[in-house]
Amino acid sequence: MSKLTAALLLSLLTLLTACTGTTGHKSNEKYYLVCTNVKLQYWQTAAAGLMKAARQLDVTAEMVGPDTYDPAAEQAAFRSAAAKKPAGILVSASDPNLLKADIDSAIAQGIPVISIESDTPASKRLTFIGTNNREAGMMGGQRLAKEMSGKGNVILYTMLPQANLAERLRGYKDALADSPGIKIVDTIDMKGDPRVAFDATSDIIDKGKLKPDAFACLEAIACKEVADVLERKKITGKVIIAMDTDQGTLDWIKKGSIAATIAQKPYTMAYFGVKLLGDLFLNKLTTLDTNFSTDAQSPLPMFIDTGATLIDKSNVDAFLTARNSEKGK
């Protein structure tokens with residue numbers, strides 16, 4: 001199966017709907033998005049895409065999961081959603097190993113499950129919709145190398161064991177392989193908690209052993225904490241490369257403290273995910289419990305790339321204008 005863009009697939013689904021002249025969906029049809037840290041702006045953006053698609057299909061949808069980074073609570077939310085026998089589930093796995101058996105169980109019960117944002121590749125999920133995370137990591141690594149002029153020490157912030165962040169880390173390392181003068185001197189697991197990122201950064205600065213020249217974040221919330229620490233300690237001249245478009249991150253870009261961030265498309269992931277699940281509801285597969293990745297005539301692609309964009313001081317205002325315009329619709 002080849003990689004397809006969300007835009008191409010969405011146009012095909014739109015044509016199918018246009019041909020029928022009606023959505024064809026049922027009033028009691030419901031879809032779930034299961035994730036963790038649901039109060040993050042990132043997931044609120046995804047929720048907007050989820051609800052927009054649900055309104056267009058005339059179905060109901062709900063985002064569920066813990067308010068904090070809690071893989072066990074996310075597993076409980078997934079199990080609760082599956083127990084209600086919904087028309088389909090979107091899931092972003094904070095721990096893909098923990099959710100594998102639950103996803104496989106839902107598939108065995110005939111509930112379509114699609115991974116978005118953070119994949120569960122070892123499970124029987126039908127497809128993955130999200131960022132090409134290695135390429136996103138390479139984008140960040142290349143900008144980092146440019147900002148550092150090819151030399152210096154860098155601290156990375158991540159969350160274990162998320163598959164998407166592991167891919168971003170691989171992308172960073174691949175990009176930095178061309179700059180042997182740059183050394184990754186520490187990788188911090190901030191466990192989805194901004195306080196861990198803040199405290200770890202403070203400790204690194206206070207002890208002065210690692211002497212970092214730069215900081216790079218593989219997830220959404222750490223780098224605004226890093227920028228805050230540096231400002232409080234009146235430290236300048238450090239490079240920060242962030243991930244995602246939390247308002248705090250964008251504010252630090254405008255102030256010049258964060259050099260750049262990599263913008264994903266959570267709205268598109270959830271919006272298109274529901275559209276695809278809706279199409280599978282109307283055009284049911286003979287079986288869900290099969291290995292589509294080895295099927296030369298698979299009805300589903302293995303991966304749908306929603307794209308990523310680098311945001312820096314040159315385009316942050318245009319990005320905010322476009323985002324605020326969409327919110328007003």
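Remember, predicted model here, so these are calculated numbers, not experimental data. Side-chain atoms are counted along with the backbone in the values below, which use heavy atoms only and exclude waters and symmetry mates.
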Validation: residues 85-96 side-chain donor-acceptor distances under 3.5 Å, sequence neighbours left out:
from	atom 1	to	atom 2	distance (Å)
K85	NZ	Q109	OE1	2.2
S92	OG	E117	OE1	2.7
S94	OG	E74	OE1	2.6
D95	OD1	N97	N	3.1
D95	OD1	L98	N	3.2

Please identify each residue that fulfils salt bridge (charged side-chain N to carboxylate O under 4.0 Å, His left out) with K254, with sequence neighbours left out. D317

Taking atom types as modelled, is there a side-chain donor on [X] or [Y] under 3.5 Å from an acceptor on the other?
| X | Y | answer |
| --- | --- | --- |
| K224 | Q247 | no |
| T245 | Y42 | no |
| R168 | Q162 | no |
| T306 | T268 | no |

Between [X] and [Y], does at least one N-O distance fall below 4.0 Å, as a salt bridge requires?
| X | Y | result |
| --- | --- | --- |
| K100 | D104 | yes |
| R125 | D119 | yes |
| K255 | D251 | no |

Scan the side chains in residues 60-68 for donor-acceptor partners under 3.5 Å anywhere in the protein, sequence neighbours excluded, and list what turns up.
from	atom 1	to	atom 2	distance (Å)
T60	OG1	E29	O	3.1
E62	OE1	K30	NZ	2.8

With side-chain hydrogen bond (donor to acceptor under 3.5 Å, both in side chains) as the criterion, how do Y157 and T187 come out once you've worked through the C-alpha distance, each side chain's angles and the decisive distance to 0.1 Å? CA-CA 6 Å; Y157 297 78; T187 300; over 6 Å; no

Set of residues satisfying side-chain contact (heavy atoms from CB on, under 4.5 Å) with respect to A136, sequence neighbours excluded: T131, M243, I262

Could you tell me which residues satisfy side-chain contact (heavy atoms from CB on, under 4.5 Å) with L160, sequence neighbours excluded, listed by chain and number? T158, D189

With a 4.5 Å limit on heavy-atom distance, are the side chains of L282 and H25 in contact? yes

Any ring pair (Phe, Tyr, Trp, His ring centres under 6.0 Å) pairs touching residues 111-153, not counting sequence neighbours? F128-F303

F281 ring centre to K284 NZ or CZ under 6.0 Å, with the angle to the axis within 45°? yes

